[in-house]
Amino acid sequence: MLDMKYIRENLDETERRLRTRGGESYLDGFRELDERRRKLLKEGEALKALRNSVSDEIGRTKDKSQVQDKILEMREVSHKIKGLDEELNQVDEQLHSFLLTVPNLPHLTTPVGISENDNVLVRSWGEPRKLAFEAKPHWDLGEDLGILDFERGAKITGARFTLYRGAGARLERALINLMLDLHTDTHGYQEVLPPFMVNRDSMTGTGQLPKFEEDLFKLVDPEFFLIPTAEVPVTNIHRGEILKKGDLPIRYCAYTPCFRREAGSYGKDTRGLIRQHQFNKVELVQFVHPLESDAELEALTGHAEKVLQLLELPYRTMALCSGDIGFSSAKTYDIEVWLPGQSCYREISSCSTFGDFQARRASIRFREDEKGKPEFVHTINGSGLAVGRTLVAILENYQQSDGSVLIPSALRTYMGGMERITR
RNA sequence: GGAGAGAUGGCCGAGUAGGUCGAAGGCGCUCGCCUGCUAAGCGAGUAUACUGGGAAACCGGUAUCGAGGGUUCGAAUCCCUCUCUCUCCGCCA
């Protein structure tokens, strides 16, 4: 959520920056609602002040017969107040739900552009492997090796669900452990294991709701949502809290499964593990001082990249342009891993700073000093990494001409010493 | 699922025959005084949001005692609904 006062005072500038996201208009109607709200507020509060002081006087008068006329008068005033309050509540609600649907302002360093074609290459690491034979896509490798069972997954649940078996299941688990160990032991994150279902307030706090309900799996009674990313429960750990300056930065990492409806992507990536309704992810989440967020985003992105370096998987890091960043994001780096089976780079991590956008929605604040006013923290997060896609990258990059797959050396202890997956 | 208890400021905890309660008291914290170490003692301060005024320091108004609604001139206090927490029973990984 954007700061109402900031919008009020910088309406044109804000609108201009929002439009770099590609939409037509974002703030139509704000001015009218805002002015109407303040008018109603002023009127109602004046009447309440009157009522308070007269009621006080009535209370101090022993002989109530002397103040009968005032009681009657205040009855009228209260009636008026009630009407004004109702009107105000309506306007408030309109304004609030309006603000909840306005996306974040792009960061000043976010490249301006329309689509993913305008994203900017920041750096690349490793050489895309040239295999001496025809590379197989991971779905063929996985089925041939008997470690990925797409048919059974579809039978058990439906499309975009997969059954992992044997070394495949073990590899997924090994990756989760490798990532968690790296981030906790060397990058200084605290591991948390949050609930996988959250309530509406949590989804609103991080920005998934109210706008993107159709992307979520929802339970009806009680009304809970399956998390689409650990960002949601982990960021909401501190919803409604005022943190101490000394607490910052707070760094959490969490393994969770993620559940996404993938509405609107029918027919896209229908084969293999790339786009599933349920996938595993290790997520990095930080609560930082506003002055630190830019630097911490760089650091966090580096933490995610480190996983790929350990696994010796070639990747590149892209700065997403204003037209391609997500609703809540101010700035996003995507890390894309090279997939020889498909001869392309695919997103394996997305690292974003949200500025105070989520913190304002979720009311996560800190005090600069003991007596200071609470200020909003900045939140940043990123995948470190998407586990299923990492498994895909390993299968495709480490495949051998005989159809077997070598295990990257960093992963072997986690695989009980296994060096190669064979049929 | 059944029965009961409860939700007050950073924490603990008063306040329920409605008015002087944004809320006693204690702890914690901040600042000052005092004390030739640490400690103790004394004094003052110590919620948040919105809103009006002001360059600012700050001053005023309104709201908030789990959430929402109701009764009333007036509600932390009365009524209703909901949420959450705790205890006991049942069930269960």
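Chain letters run A, B, ... following the sequence lines, proteins first and then strands; every chain starts at 1. We use all heavy atoms of the structure for the numbers below, so side chains are in, but hydrogens, waters and symmetry mates are not.
One atom, CG of L95(A), and another, P of C50(B), lie 12 Å apart when rounded to the nearest Å. Taking atom CD on E57(A) and atom C1' on U20(B), their separation rounds to 14 Å, with Å as the unit. Residue R367(A) contributes atom CZ, which lies 16 Å from atom P of C29(B) at whole-angstrom precision. Look at CD on E241(A): it is 16 Å from P on U48(B), rounded to the nearest Å. Going from atom CG of L243(A) over to atom P of G10(B) covers 14 Å, rounded to whole Å. Between the P atom of A63(B) and the CD atom of E43(A) lies a distance of 16 Å, rounded to the nearest Å. For the pair M4(A) CE and C50(B) P, the computed distance is 7 Å after rounding to whole Å. In this structure, CZ of R38(A) is placed 16 Å from C1' of U62(B), rounded to the nearest angstrom.
For A57(B), there is no paired nucleotide, since no Watson-Crick or G-U wobble pair has both relevant distances below 3.5 Å. G36(B) makes up no base pair with any nucleotide shown, lacking Watson-Crick or G-U wobble contacts both under 3.5 Å. Across all strands shown, A75(B) forms no Watson-Crick or G-U wobble pair with both distances under 3.5 Å. Base pairing of U85(B): its partner is A5(B), meeting the Watson-Crick or G-U wobble criterion (both donor-acceptor distances under 3.5 Å). For A93(B), there is no paired base (Watson-Crick or G-U wobble, both distances below 3.5 Å). Of all nucleotides present, only G43(B) satisfies the Watson-Crick or G-U wobble test against C31(B), with each distance under 3.5 Å. Shown here, A63(B) forms a base pair with U48(B); the pair counts as Watson-Crick or G-U wobble because both key distances fall under 3.5 Å. G18(B) is unpaired under the Watson-Crick or G-U wobble criterion, no partner having all donor-acceptor distances under 3.5 Å.
Among U62(B), U51(B), U48(B), the nucleotide with an atom closest to any side-chain atom of A49(A) is U62(B). Nearest to the side-chain atoms of K48(A) among the listed nucleotides G19(B), U51(B), A63(B) stands A63(B). Out of U51(B), A49(B), A63(B), the shortest distance to the side chain of N52(A) is found at A63(B). Side chain of K82(A), nearest nucleotide from U71(B), U62(B), C73(B): U71(B). Each of G19(B), U48(B), U62(B) was ranked by its minimum atom distance to the side chain of K64(A); first place goes to G19(B). Listed candidates were U48(B), A63(B), C73(B). Nearest to the side chain of R75(A) is C73(B). Closest approach to the K5(A) side chain among C50(B), G52(B), A49(B) is made by C50(B) (side chain taken as heavy atoms from C-beta onward).
For K373(A) and A49(B), the shortest distance from a side-chain N or O to OP1 or OP2 is below 4.0 Å. Proximity of S78(A) to the phosphate of U72(B): no side-chain N or O atom is located under 4.0 Å from OP1 or OP2.
By the 30° and 60° cut-offs, the orientation of the rings of Y252(A) relative to H238(A) is parallel.
At a cut-off of 3.5 Å, with distance as the only test, a side-chain donor of Q309(A) or Y315(A) sits close to an acceptor on the other residue.
Residues H289(A) and V377(A) have side chains not in contact (no heavy-atom distance under 4.5 Å, counting atoms from C-beta outward). Looking at L148(A) and R165(A), their side chains never come closer than 4.5 Å, going by heavy atoms from C-beta outward. Two residues are said to be in side-chain contact when any heavy atoms from C-beta on lie closer than 4.5 Å; F30(A) and M4(A) meet this criterion.
Between the C1' atoms of A7(B) and A76(B), the separation comes to 12 Å (whole Å).
Judged by distance alone, the side chain of N10(A) and the main-chain N or O of E13(A) form no donor-acceptor pair under 3.5 Å.
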